[in-house]
Chemist: 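Before we start, here is the structure in question, set down as structure tokens.
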Protein chains: 2
Amino acid sequence: MDWIAQVTERLRATGGRMTSQRRLILETLAQCTDHPTAEEVYRRARQRAPDLNLSTVYRTLRWLEELGVVGSQRFEGERPQDRFDPAISANPDHHHFRCRLCNTIIEFPAPLLEILKRDFIAHYGGSIESASLIFYGLCQSCLQKVESYGPLSFNPDAILDHTR
Amino acid sequence: MDWIAQVTERLRATGGRMTSQRRLILETLAQCTDHPTAEEVYRRARQRAPDLNLSTVYRTLRWLEELGVVGSQRFEGERPQDRFDPAISANPDHHHFRCRLCNTIIEFPAPLLEILKRDFIAHYGGSIESASLIFYGLCQSCLQKVESYGPLSFNPDAILDHTR
DNA sequence: GTTCGTGCAAATGATTTGCACTTCG
DNA sequence: CGAAGTGCAAATCATTTGCACGAAC
């Protein structure tokens, strides 16, 4: 049984209905290899159904989030907006790296995080139910580009000269 | 030299001016043991200067963020709003635990994170400039309360009975 | 005195919601 | 048919911004 059929099943189990809009949004998500915003899902899906509404996209995404089918997170360095992660159900324990230059997001496992959790609980008590780990930096190809260009020589006076 | 004097110095170094509003906001932050929102800083500070404006609080907090004097982060499970962290300059390498019940935030060090960064770079290349790690769960005292209460017996039919 | 900062009100922008209409089961 | 979902427009709410006035240096 494929992903969409599984989601449909969970949906029916909670008294929900499968509609053409929901199917379209699910199919759009299934094709994503990135972490789209609601607006991006909307734009991509609307190519096949121009009268789809952004509210419906939001409602569907939030509903999928409750079902545990997609994740959502916000990243620093861009305008504050949720990005949705269709990979969470296939691969629940992943974390994110985001490249500051090309904005690529890399998903990676972090089994060592369990040790960090254990350390925390040993020191402070309590219990940990979930964790969010995000790395920010330069991805491999952006780092290579920056290195091959060499450092920029920044001279404020030279810039001022241009204005004369 | 105390914290406020240090901040004033950084401020002057970049052509900024010290005003009564900024001093008040700094003093308010210095007394915080939690991670207040802009609105909360505003409410606390306004007790001493009722004509302080929320815009000024935002502008000051963003400026302190640029100076590296305060940090800002958002937490899940509440309405999306920035929380400001006055402790970042005294203790730059800390991360956050947030209790799902009492909303207490615990700051903790995570030196092991360096190993996770090294592992990531070994696998994917690139470079890491910053990291955000947030744990969500129950703090020690909330966990004890939950455990001492014992599990709740949830019976939907019993709830329906009340409506008759 | 000139530059920088503040207060105020209005703008922004992502997200949510009320409501009349439509569709699924 | 009746509950659940959609489209549309309007509401929300945190945050930002334009502008005229006031304060710091």
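Order of the sequence lines sets the chain letters (A, B, ...), proteins ahead of strands, with each chain counted from 1. Because the structure is a prediction, the values reported are computed rather than measured.
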Chemist: How long is the line joining CZ of B:Arg23 and P of D:dA24, in whole Å?
Modeler: 9 Å
Chemist: Whole Å only: how far is the CZ atom of A:Arg46 from the P atom of D:dG7?
Modeler: 11 Å
Chemist: Once you round to the nearest 0.5 Å, how far does CD1 of B:Ile25 lie from CZ of B:Arg48?
Modeler: 11.0 Å
Chemist: Using whole Å, what does the distance between atom C1' of nucleotide D:dC19 and atom CZ of B:Arg59 come to?
Modeler: 11 Å
Chemist: If you take the centroid of each ring, where Trp contributes its six-membered ring, are A:Phe97 and B:Phe120 closer together than 6.0 Å?
Modeler: yes
Chemist: Just distance, no hydrogens or angles: give the donor-acceptor pairs under 3.5 Å from side chains in residues 110-119 of chain A, sequence neighbours left out.
Modeler:
from     : atom 1 : to       : atom 2 : distance (Å)
A:Glu114 : OE2    : A:Lys117 : NZ     : 3.3

Chemist: Drop me the distance from B:Thr8's OG1 to B:Trp3's CH2, to the nearest 0.5 angstrom.
Modeler: 9.5 Å
Chemist: Considering residues, nucleotides and ligands other than B:Glu78, do more than 12 of their heavy atoms fall under 6.0 Å from its CD?
Modeler: yes
Chemist: Round to the nearest Å and state the distance from B:Asp82 atom CG to D:dT16 atom C1'.
Modeler: 12 Å
Chemist: Closest-nucleotide mapping onto DNA chain C: is B:Asp51 or B:Gly15 further toward the 5' terminus? I mean the 5' end.
Modeler: B:Gly15
Chemist: If I take atom CG in residue B:Asn53 and atom C1' in nucleotide D:dA20, what distance separates them, rounded to the nearest angstrom?
Modeler: 14 Å
Chemist: Return the value, rounded to whole Å, for the distance between atom CD of A:Glu66 and atom P of D:dG5.
Modeler: 12 Å
Chemist: Take atom CZ of B:Arg74 and atom C1' of D:dC13, then tell me their distance rounded to the nearest Å.
Modeler: 11 Å
Chemist: With heavy atoms under 4.0 Å as the rule, sort A:Arg22 into base, sugar-phosphate or nothing.
Modeler: sugar-phosphate
Chemist: Assign A:Ser55 to base, sugar-phosphate, or nothing according to its heavy-atom contacts below 4.0 angstrom with the strands shown.
Modeler: base
Chemist: When you list every nucleotide of DNA chain C with an atom under 4.0 Å from a heavy atom of chain A, which one comes first 5' to 3', and which comes last?
Modeler: C:dA14 to C:dG25
Chemist: Quick one: which of A:Arg83, A:Gln73, A:His96 gives a side-chain hydrogen bond (donor to acceptor under 3.5 Å, both in side chains) with A:His35?
Modeler: A:His96
Chemist: Has A:Thr19 got a side-chain N or O lying under 4.0 Å from the OP1 or OP2 atom of D:dT6?
Modeler: yes
Chemist: Expressed in angstrom and rounded to an integer, what is the separation of A:Leu61 atom CG from D:dG5 atom C1'?
Modeler: 15 Å
Chemist: Could you state whether B:Phe84 and B:Leu11 fall into the same hydrophobic cluster, counting links through intermediate Ile, Leu, Val, Met, Phe, Trp or Tyr residues with side-chain heavy atoms under 4.5 angstrom apart?
Modeler: yes
Chemist: Please determine, for the side chain of A:Arg17, which listed nucleotide (D:dG7, D:dG2, D:dC25) has the closest atom?
Modeler: D:dG2
Chemist: Quick one: on DNA chain D, does B:Glu39 or B:Arg12 contact a more 5' nucleotide (nearest heavy atom)?
Modeler: B:Glu39
